[in-house]
Number of protein chains: 2
Amino acid sequence: MAVTMRDVAERAGVSAITVSRVINGTGYVHEETQARVLAAIEAMRYVPNSLARSLRSQQTSTLALLVTDITNSFWTTVARGVEDEAAAQNYAIFLCNTDEDPAKEDRYLEMLTQRRVDGLLIGPTPDSASMLSRLHTLDIKFVLIDRAVDGIAADTVRSDSRGGAANITQHMLTTGHQRVAFIGGPLTTSTGRDRLNGYRAAHMAAGLAIDTELIKIGSYHRESGRELTSELLAAERRPTAIFAGNNQIALGVLDALVAARMHLPNDMAVISFDDLPGVDGYGPFMTAVIQPAYQIGRIATRLLLERIADARDEVEEIVLPTQLVIRRSCGCNAVPVV
Amino acid sequence: MAVTMRDVAERAGVSAITVSRVINGTGYVHEETQARVLAAIEAMRYVPNSLARSLRSQQTSTLALLVTDITNSFWTTVARGVEDEAAAQNYAIFLCNTDEDPAKEDRYLEMLTQRRVDGLLIGPTPDSASMLSRLHTLDIKFVLIDRAVDGIAADTVRSDSRGGAANITQHMLTTGHQRVAFIGGPLTTSTGRDRLNGYRAAHMAAGLAIDTELIKIGSYHRESGRELTSELLAAERRPTAIFAGNNQIALGVLDALVAARMHLPNDMAVISFDDLPGVDGYGPFMTAVIQPAYQIGRIATRLLLERIADARDEVEEIVLPTQLVIRRSCGCNAVPVV
DNA sequence: CTGAAAGCGCTTACAG
DNA sequence: CTGAAAGCGCTTACAG
């Protein structure tokens with residue numbers, strides 16, 4: 001049905017292996033022979049079958065990206081970086097959403113090992129640990145993105161959570177806020193710990209004690225941000241600023257503030273690790289720590305391809321700097337609009 | 001090296017084909033035999049090689065999603081829908097960003113045909129037409145998302161651009177705006193035409209003539225929205241509202257308004273086809289036409305899988321209703337904040 | 001209910 | 001510089 005290498009070979013008057021050599025640029029081929037083969041390929045609109053090639057050569061030129069949810073703008077941008085870098089090196093990318101569900105992770109892992117992908121880029125959760133050690137025993141290469149995982153020694157690319165959190169906290173403390181609350185993600189995640197540590201470090205450096213009632217630990221979801229903000233607002237001594245541990249929490253913070261009819265930034269300042277998606281300068285009045293998500297994706301992919309090529313032995317942990325984006329209010333004491 | 005079907009067969013004391021039958025649930029296998037095979041699979045941690053399977057069976061259970069840019073929140077959400085539906089049917093998804101670049105489209109098409117994907121989900125541009133007719137001649141199944149393409153008869157899933165645009169325009173006209181400008185995408189796209197037609201239809205229905213100076217046609221990019229808004233602001237008789245043809249244009253509109261130190265919504269109302277990403281109720285004060293992006297992704301995938309299964313002969317064009325989300329200002333005459 | 005043979009379309013390893 | 005043979009790991013088609 002479809003044109004095969006043998007068909008091309010026949011037409012060019014050579015053997016299949018010569019066609020293979022022309023296509024892959026391996027070994028010597030007489031110039032004239034090569035021209036004949038190329039002409040035949042062109043004329044017959046031959047498209048090599050990479051399934052057969054992969055079956056024989058034991059490599060697929062295919063990677064997979066496992067993220068918790070592509071809909072989160074951080075991961076969207078990471079994905080774009082991954083895809084650009086992969087495409088540049090002629091690799092294809094399988095996209096998988098795990099929803100932080102180990103069962104889904106397992107199902108994808110099965111699917112991907114069956115397809116013999118050359119490597120995985122993974123945005124892990126604490127529950128991923130067992131899957132990751134299985135990858136190690138299966139000798140499947142992978143790179144972690146965004147978070148390190150306890151007990152797993154693996155290439156990792158992430159942003160400087162501790163430094164970013166310290167910076168933004170310090171910014172608030174030096175602009176007059178005495179009571180900055182922190183709503184963070186699980187301490188079982190490296191980002192949860194690092195951001196909390198940064199928040200703490202900034203207080204230490206400023207010589208300020210922390211009211212432990214100002215620290216709320218939940219999950220990286222919008223509802224969590226909403227609930228914990230309500231707790232903060234219900235307390236006797238409210239904070240004057242809330243530091244959201246990621247963009248989803250920040251949305252929950254805004255939800256709770258709107259519900260309480262509080263106005264930004266005068267009634268409450270809100271800052272966030274990770275920006276809100278897309279609207280750039282037009283979102284709520286949030287100063288934010290910006291992560292180099294696109295670069296994270298590109299670099300992680302590069303690292304993985306090196307690992308696949310066995311170009312490296314040591315485990316690499318790459319930590320990229322974050323950027324503090326300061327946004328002032330419009331001075332109109334506006335509430336986020338619904 | 002890796003465990004093969006033959007290894008499993010040997011251990012279970014059967015032939016490879018029996019193992020195959022157990023795995024695929026094809027043909028009869030004695031219960032006891034099946035149990036022995038399953039035990040062997042389990043014990044040896046056998047993972048079938050889908051490359052070999054695909055090579056023989058001529059199907060890969062793999063689809064590809066070609067979008068212009070996954071970073072656009074509309075496409076992100078479509079991708080999520082695609083991936084969920086595909087995963088539910090045990091299909092994997094290759095993600096490809098084309099950046100509206102025919103050369104990139106071609107490169108991906110080559111990559112994907114080599115990998116023998118079962119079908120493609122495509123967010124096309126007008127320049128995709130030649131690629132699409134090539135797909136037809138290659139007999140590769142595909143479904144178009146978001147836009148129809150001139151001269152290409154193919155399954156299509158999109159939202160009701162004309163109806164949505166008419167609705168939102170009508171909303172503005174009935175709330176007192178006399179001069180609603182329209183900044184749309186290329187008229188070579190079905191969305192460009194349909195949205196403009198909806199805008200026009202609403203005026204007709206209201207018995208209002210349209211000042212042709214209020215209609216600006218550009219591209220679906222932020223810069224285009226910015227430039228054309230500047231033109232509108234420079235005109236003698238300004239509009240009182242601007243209707244952006246998609247979310248990127250809307251961002252450009254906001255850029256231009258901020259630059260002109262104009263305040264929303266009192267100095268200028270802004271409405272948009274397609275919402276701004278992510279921030280839901282917290283973005284700028286924009287009433288918007290919302291597209292069911294997630295459903296578009298799911299339905300398109302379902303359609304493609306039907307097509308692959310040869311379950312259908314006629315070409316289907318599915319048009320999903322949009323939703324008008326009305327957002328009022330906060331009453332504080334605020335400017336979008338930077 | 002089970003299997004031996006052939007073949008999917010390439011590349012590897014060995015020759016010449 | 002080129003090729004014949006073998007094999008990657010499955011499933012198809014045919015038997016029994």
Side-chain angles (χ1 to χ4, degrees), chain A residues 1-38 40-41 44-62 90 110-118 138, chain B residues 1-38 40-41 44-62 90 110-118 138:
Chain A
M1 197 126 118
V3 179
T4 70
M5 189 171 264
R6 173 186 302 251
D7 301 328
V8 173
E10 233 165 68
R11 173 159 182 148
V14 297
S15 70
I17 183 179
T18 300
V19 176
S20 171
R21 283 199 264 254
V22 169
I23 287 174
N24 297 306
T26 52
Y28 299 88
V29 180
H30 194 86
E31 242 184 61
E32 195 189 307
T33 314
Q34 171 156 342
R36 267 204 333 273
V37 170
L38 288 174
I41 288 175
M44 305 179 83
R45 299 180 177 288
Y46 168 62
V47 179
N49 183 327
S50 68
L51 297 168
R53 171 217 267 260
S54 295
L55 180 59
R56 189 65 247 242
S57 69
Q58 306 277 28
Q59 55 157 348
T60 53
S61 293
T62 300
N90 246 297
E110 179 71 18
M111 180 187 252
L112 296 168
T113 49
Q114 287 188 187
R115 284 175 168 74
R116 300 297 194 260
V117 296
D118 292 336
L138 290 172
Chain B
M1 196 128 118
V3 180
T4 70
M5 189 171 264
R6 172 185 303 250
D7 301 328
V8 173
E10 233 164 69
R11 174 160 182 147
V14 296
S15 71
I17 183 179
T18 299
V19 176
S20 171
R21 282 199 264 256
V22 169
I23 287 173
N24 298 306
T26 53
Y28 300 88
V29 180
H30 194 86
E31 241 184 62
E32 194 190 306
T33 314
Q34 169 156 344
R36 267 206 332 275
V37 169
L38 288 174
I41 288 174
M44 305 179 84
R45 298 179 179 289
Y46 168 63
V47 180
N49 183 326
S50 68
L51 297 169
R53 173 218 266 260
S54 294
L55 180 60
R56 186 68 247 240
S57 68
Q58 306 276 28
Q59 54 157 345
T60 53
S61 294
T62 300
N90 246 297
E110 179 71 19
M111 178 186 254
L112 297 168
T113 49
Q114 286 187 186
R115 283 175 169 74
R116 300 296 193 262
V117 296
D118 292 337
L138 290 172

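Letters A, B, ... mirror the listed sequences (proteins, then strands); counts begin at 1.
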Touch class at under 4.0 angstrom, heavy-atom based, for B:Thr33 against every strand present: sugar-phosphate
Closest approach of A:Arg115 to B:Asn90 (non-hydrogen atoms, all atoms of both residues): NH2-O, 4.1 Å
Rounded interatomic separation in angstrom, taking CD1 from B:Ile41 and C1' from D:dC10: 13 Å
A:Glu31 CD - D:dC1 P separation (whole Å): 9 Å
With B:Thr33 via side chain to side chain donor-acceptor pair (under 3.5 Å) - residues at least two apart: none
Could you tabulate the donor-acceptor pairs under 3.5 Å formed by side-chain atoms of residues 2-10 of chain A, not counting sequence neighbours?
residue	atom	partner	partner atom	Å
A:Thr4	OG1	A:Arg6	N	3.3
A:Thr4	OG1	A:Asp7	N	3.4
A:Thr4	OG1	A:Asp7	OD2	3.4
A:Asp7	OD2	A:Thr4	N	2.8

Side chain to side chain contact (heavy atoms under 4.5 Å, CB included) partners of A:Glu32, counting only residues at least two apart: A:His30, A:Arg36
Candidates C:dT2, D:dC1, C:dG3 - which lies nearest the side chain of B:His30: C:dT2
Atom-to-atom span, CG of A:Asn49 to P of C:dG7 - whole angstrom: 18 Å
Proximity to the side chain of A:Gln58 - top-ranked nucleotide from C:dA4, D:dA4, D:dC8: D:dC8
Shortest non-hydrogen contact from B:Leu51 toward A:Leu55: CD1-N, 4.2 Å
Under-4.0 Å side-chain N/O to phosphate OP1/OP2 contact, B:Tyr28 with C:dG3: no
Side chain of B:Thr18 (C-beta onward), nearest among C:dT2, D:dG3, D:dC1: C:dT2
Distance in angstrom units between A:Gln34 CD and D:dT2 C1', rounded: 14 Å
Under 4.0 angstrom between A:Ser15 side-chain N/O and D:dG3 OP1 or OP2: yes
Set of residues satisfying side chain to side chain contact (heavy atoms under 4.5 Å, CB included) with respect to A:Gln59, sequence neighbours excluded: A:Ser57, A:Tyr91, A:Asp118
Listed partners of B:Ser20 passing side chain to side chain donor-acceptor pair (under 3.5 Å), at least two apart: B:Asn24
DNA chain C: 5'-proximal contact among B:Gly13 and B:Leu55 (nearest heavy atom): B:Gly13
Length of the line joining A:Leu51:CG and D:dC10:C1', which is rounded to integer Å: 12 Å
Residues in side chain to side chain donor-acceptor pair (under 3.5 Å) contact with A:Arg116, at least two apart in sequence or another chain: none
Contacts of type side chain to side chain contact (heavy atoms under 4.5 Å, CB included), residue A:Gln114, not counting sequence neighbours: A:Glu110, B:Val47, B:Pro48, B:Ser50
Whole-Å distance separating the CZ atom of A:Arg115 from the C1' atom of D:dC8: 19 Å
All stems with DNA chain D, defined as three or more consecutive Watson-Crick or G-U pairs under 3.5 Å: C:1-3 with D:14-16, C:5-12 with D:5-12, C:14-16 with D:1-3
Rounded interatomic separation in angstrom, taking CD from B:Gln114 and P from C:dC10: 10 Å
Look for any protein N or O under 3.5 Å of an N or O in nucleotides 11-13 of chain D and output each such pair with its distance, or none.
residue	atom	partner	partner atom	Å
D:dT11	OP1	B:Asn24	ND2	2.8
D:dT11	OP2	B:Ser20	OG	2.4
D:dT11	O2	B:Arg56	NH1	3.1

Spacing between A:Gln59 atom CD and D:dC8 atom P, to the nearest angstrom: 17 Å
A:Val22 and A:Val14: CA distance, side-chain angles, deciding distance, side-chain contact (heavy atoms from CB on, under 4.5 Å) verdict: CA-CA 11 Å; A:Val22 169; A:Val14 297; over 6 Å; no
